[in-house]
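Contents: one structure, followed by commentary.
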Amino acid sequence: MSDWYEQLRRTASLLGGRTPYARRMAEKALRDRAGTKDAFFSLYRSYLSCFRVWPDPGWGKELSNLQRAVLVALHHDGWTEQETAYLCGRSRRAVRRAGEKGLRALGTDGTALAGTLRATTEDLPAVAEREPGRNPAGCVAASTWARMP
C-alpha cells in the first residue's frame, strides 16, 4: 500500500463521511496518481466535481462543498493557501473567502478546528488489505469484456 493511503483515507472520510464510497474514492485517487502525494489532487477535484453527490460527512453540514474542502485542506492536511487553491481549482482569493466563511459558519477558529478534525478521524477502522470476493486489481477481468454484447 502507498505511504499516502492512510492520510488520503482520513481526508476522504472528512469530506465524504465514513462510507464505502469515501474509501473507494481514496483508492481511486491513489490508482489515478500511482500512489503519490498527487492523489490528493484527484480526491479534491472529484469531491468538488458538480457531477458528484457525496454523502453527509458527519460534521460541517452547514458548509458548502468548497468551504468543507478548504477547511479540511488547510486545517487537517496542512496545505498552504496556494496549494489549496491548486487542489480545489479555485483562486487564492476564493479559497481565503471560503475558509473565512466556513470558520464563521462553524463558530470556531483554525486551531480548534484542526483538533476537532484530527479527533474525528482517529478512530477510523483499520485498513483491510482486500475485501473478500473483490478483484484485487479493482477492474473487470478481460474475459468478461469479451463476452459482453
Side-chain angles (χ1 to χ4, degrees), residues 1-140:
M1 250 182 232
S2 166
D3 295 338
W4 297 104
Y5 181 70
E6 189 59 33
Q7 188 176 352
L8 194 74
R9 192 173 81 114
R10 290 177 188 281
T11 299
S13 172
L14 288 171
L15 295 174
R18 291 178 184 221
T19 61
Y21 183 68
R23 185 178 40 79
R24 285 193 304 270
M25 286 303 297
E27 291 169 356
K28 181 183 180 308
L30 282 169
R31 278 194 313 270
D32 289 350
R33 297 297 177 153
T36 65
K37 190 175 182 179
D38 291 338
F40 284 95
F41 176 83
S42 291
L43 180 68
Y44 278 95
R45 291 294 174 101
S46 292
Y47 175 71
L48 291 171
S49 168
C50 59
F51 302 111
R52 298 257 184 235
V53 178
W54 282 68
D56 286 333
W59 73 274
K61 290 178 177 31
E62 61 273 9
L63 302 175
S64 71
N65 281 1
L66 177 60
Q67 290 169 346
R68 189 179 307 141
V70 167
L71 292 177
V72 170
L74 292 173
H75 301 290
H76 179 263
D77 295 342
W79 298 104
T80 65
E81 190 176 273
Q82 184 172 353
E83 292 167 329
T84 301
Y86 172 73
L87 286 171
C88 296
R90 303 299 197 282
S91 69
R92 289 177 67 187
R93 182 176 178 205
V95 164
R96 188 176 312 115
R97 202 169 41 239
E100 290 167 358
K101 284 183 178 180
L103 287 174
R104 270 197 311 270
L106 292 174
T108 187
D109 65 349
T111 307
L113 180 62
T116 302
L117 295 178
R118 274 192 299 278
T120 302
T121 60
E122 274 182 358
D123 62 338
L124 280 178
V127 179
E129 285 298 317
R130 181 173 172 265
E131 290 180 3
R134 182 152 183 223
N135 185 349
C139 59
V140 178

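For reference, positions follow the sequence shown, starting with 1. Not measured: the values here are computed from a predicted model.
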Is a side-chain donor or acceptor of [X] paired with a backbone partner of [Y] at a separation under 3.5 angstrom?
| X | Y | value |
| --- | --- | --- |
| Arg45 | Leu87 | yes |
| Thr116 | Ala112 | yes |
| Ser13 | Arg9 | no |

On a heavy-atom basis, which atom in [X] and which in [Y] lie closest, and how many Å separate them?
| X | Y | result |
| --- | --- | --- |
| Val70 | Cys88 | CG2-SG, 4.5 Å |
| Val95 | Ala85 | CG2-CA, 3.5 Å |
| Gln7 | Asp77 | NE2-O, 4.1 Å |
| Thr121 | Arg18 | CA-NH2, 4.2 Å |
| Ala12 | Leu43 | N-CD2, 3.9 Å |
| Leu30 | Thr36 | CD2-O, 4.3 Å |

What's the spacing between [X] [atom1] and [Y] [atom2] if we round to 0.5 Å?
| X | Y | atom1 | atom2 | answer |
| --- | --- | --- | --- | --- |
| Leu14 | His76 | CG | NE2 | 5.0 Å |
| Gln82 | Arg96 | CD | CZ | 11.0 Å |
| Arg31 | Ser42 | CZ | OG | 11.0 Å |
| Leu71 | Leu117 | CG | CG | 7.5 Å |
| Leu48 | Asn65 | CG | CG | 6.5 Å |

Checklist entry - Going by distance alone, is a donor N or O of one side chain under 3.5 Å from an acceptor N or O of the other, for Glu83 and Thr80? => result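 Looking only at side-chain atoms, Thr80 and Glu83 do form a donor-acceptor pair, the distance falling under 3.5 Å.
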Partners meeting salt bridge (Lys or Arg N to Asp or Glu O under 4.0 Å) with [X] (sequence neighbours left out):
| X | answer |
| --- | --- |
| Arg97 | none |
| Arg90 | none |
| Glu100 | none |
| Arg118 | none |

Checklist entry - Would you call Tyr47 and Met25 a side-chain contact if the rule is heavy atoms closer than 4.5 Å? => result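 Not touching, per the 4.5 Å side-chain cut-off.
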Checklist entry - For Tyr44, which residues count as a ring-ring contact (aromatic ring centres under 6.0 Å, His included) partner, sequence neighbours excluded? => result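 Residues passing ring-ring contact (aromatic ring centres under 6.0 Å, His included) with Tyr44: none at all.
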Item to check | Residues which pass side chain to side chain contact (heavy atoms under 4.5 Å, CB included) with Thr111, listed by chain and number, not counting sequence neighbours | outcome: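 Thr111 satisfies side chain to side chain contact (heavy atoms under 4.5 Å, CB included) with Asp109 once adjacent residues are dropped.
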Checklist entry - Would Tyr86 and Trp79 satisfy ring-ring contact (aromatic ring centres under 6.0 Å, His included), going step by step from the backbone distance to the final call? => result CA-CA 10 Å; Tyr86 172 73; Trp79 298 104; 9.1 Å; no
Checklist entry - Which of these, Lys101, Gln67, Glu62, sits in a side-chain contact (heavy atoms from CB on, under 4.5 Å) with Leu106? => result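 Exactly one pass, corresponding to Glu62.
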